[in-house]
Amino acid sequence: MDLRRDVFQAIADPTRRAILLLVATQSMTAGSIASHFDTKRPTVSKHLQILTECELLAKEPSGREIYYHLNPNKMKEIANFIAPFQKLWDDRFNKLESVMKNYKAKG
């Protein structure tokens, strides 16, 4: 039975979101990622495992080190899922802005 983790549960955690931001611009080793946090390295390793299982991060061995980098295709899937909600809220805020402008113009 394949018990893959849910991407949205993975990104719900603030530490995992911070890890994604760290590796968004450059590949990093687990040690260099862990150095940015006040938690123990095994805790960061667990976060990396979850992000890797969700395919948000990919591992790339280089000699004795393993580098983690962002999987842009998986991030695109998340963005595509969120896009309709973003449009909905943009439309609502634009309508509110219009109402507020009319209110100020009358007042």
Asp90: partners by salt bridge (charged side-chain N to carboxylate O under 4.0 Å, His left out), with sequence neighbours left out: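 Testing Asp90 for salt bridge (charged side-chain N to carboxylate O under 4.0 Å, His left out), a comparison that skips the adjacent residues, returns none.
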side-chain hydrogen bond (donor to acceptor under 3.5 Å, both in side chains) partners for Lys101, two or more places apart: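 Partners of Lys101 under the side-chain hydrogen bond (donor to acceptor under 3.5 Å, both in side chains) test: none.
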Under the side-chain hydrogen bond (donor to acceptor under 3.5 Å, both in side chains) test, residues paired with Gln49 that sit two or more places apart: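 For Gln49 the side-chain hydrogen bond (donor to acceptor under 3.5 Å, both in side chains) partners, ignoring immediate neighbours, are Glu53.
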Shared hydrophobic cluster for Ile50 and Val7 (ILVMFWY, side-chain gaps under 4.5 Å): no
Sequence-distant partners of Phe81, ring-ring contact (aromatic ring centres under 6.0 Å, His included), two or more places apart: Phe8, Phe85
Identify all side-chain donor-acceptor contacts of residues 57-73 below 3.5 Å with residues at least two apart in sequence or on another chain.
from, atom 1, to, atom 2, distance (Å)
Asn71, OD1, Asn73, N, 3.1
Asn71, ND2, Glu55, O, 2.8

Residue pairs fulfilling salt bridge (Lys or Arg N to Asp or Glu O under 4.0 Å) with at least one residue in residues 24-46, sequence neighbours excluded: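 Every pair satisfying salt bridge (Lys or Arg N to Asp or Glu O under 4.0 Å) with a residue in residues 24-46: there are none.
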Gap between atom OG1 of Thr15 and atom CG of Leu48 - 0.5 Å precision: 11.0 Å
Residue pairs fulfilling side-chain hydrogen bond (donor to acceptor under 3.5 Å, both in side chains) with at least one residue in residues 91-100, sequence neighbours excluded: Lys87-Asp91
Pairs of donor and acceptor atoms involving the side chains of residues 16-30, under 3.5 Å and at least two apart or interchain, shall be tabulated with distances.
from, atom 1, to, atom 2, distance (Å)
Arg16, NE, Ala10, O, 2.8
Arg16, NH1, His47, ND1, 3.0
Arg17, NH1, Ile11, O, 2.9
Arg17, NH1, Ala12, O, 2.8
Thr29, OG1, Ser32, N, 3.2
Thr29, OG1, Ser32, OG, 3.1

